[in-house]
Amino acid sequence: MEIAENAALVVIDVQRGFEEMEYWGVRNNPEADANIAALIDVWQASGRPVVYTRHDSTTSDSPLRPGHEGNGFKDYVERRRGKGAAGEELVVVKSVNSAFYGTPDLGAWLTAAGIGQLVVAGIQTNMCVETTTRMAGNLGYEVLFPLDATYTFGQEGPWGWELTAEDLARATAVSLHGGGFAKVVTTEEVVKAASV
């Protein structure tokens, strides 16, 4: 695996509101936060650009709504922001699943910087992380998806169907990798390749 010198790490919605388990339910992958932090650290150490997205929910009771404490970034992300190379960090604010429909315009920023490779991580695996990855793949970016640097929550769908967080994460990995939207990898593989 090769990581471009200007590959962007896109950190999706790592916000305090996702700690409100009574709202979200049972999550998977307790190692995700440590893996996300490791990715940010190696990106900043190598001078590569980091994009952080924040979800401003329009749902009145959402822990991610503006004005609620949960809207802010988790502490480990907040501590790392601004530590990379000058001008190589972007915060995108959105209220839909795809980071490409936020402010400022992520696609325009990537194009202006000549960036063609993305590593996408964050929360939730099968929601905003997957949607952003699918769109990036459709737009022609080379996308790496470190599955273990994401997590999600179990959900109920139509007809009473229920899937656990792990079921949903695996479905995302199969869809993205099998569908050609991204190459699903591990954090360790990405960190090793980015550290060369």
Between [X] and [Y], do the side chains contain an N or O donor and an N or O acceptor separated by less than 3.5 Å?
| X | Y | value |
| --- | --- | --- |
| N71 | R54 | yes |
| D148 | T187 | yes |
| H68 | E20 | yes |

On a heavy-atom basis, which atom in [X] and which in [Y] lie closest, and how many Å separate them?
| X | Y | result |
| --- | --- | --- |
| A169 | L147 | O-CD1, 3.8 Å |
| I12 | T53 | CA-OG1, 3.2 Å |
| E2 | Q117 | O-NE2, 3.0 Å |
| V42 | S195 | CG2-OG, 3.2 Å |
| L176 | E130 | CD2-CG, 4.0 Å |

According to side-chain contact (heavy atoms from CB on, under 4.5 Å), who are the partners of A32, at least two apart in sequence or on a separate chain?
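Applying side-chain contact (heavy atoms from CB on, under 4.5 Å) to A32 gives R27, N29, Y151.
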
Atom CD of E156: over 12 foreign heavy atoms under 6.0 Å
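Yes - once you tally the heavy atoms of other residues, nucleotides and ligands closer than 6.0 Å, there are more than 12.
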
So, using side chain to side chain donor-acceptor pair (under 3.5 Å) as the criterion, who are the partners of S57 when residues are at least two apart?
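So S57 forms a side chain to side chain donor-acceptor pair (under 3.5 Å) with S62.
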
State whether E19 and R16 are salt-bridged, where the test is any N-O pair (Lys NZ or Arg NE/NH1/NH2 against Asp/Glu carboxylate O) under 4.0 Å.
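R16 and E19: not salt-bridged.
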
Going by an N to O cut-off under 4.0 Å, is there a salt bridge joining R80 and D41?
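A salt bridge links R80 with D41.
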
Under a single-linkage rule joining Ile, Leu, Val, Met, Phe, Trp and Tyr whose side-chain heavy atoms are separated by less than 4.5 Å, which residues share a cluster with L163?
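ILVMFWY cluster around L163 also holds L168.
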
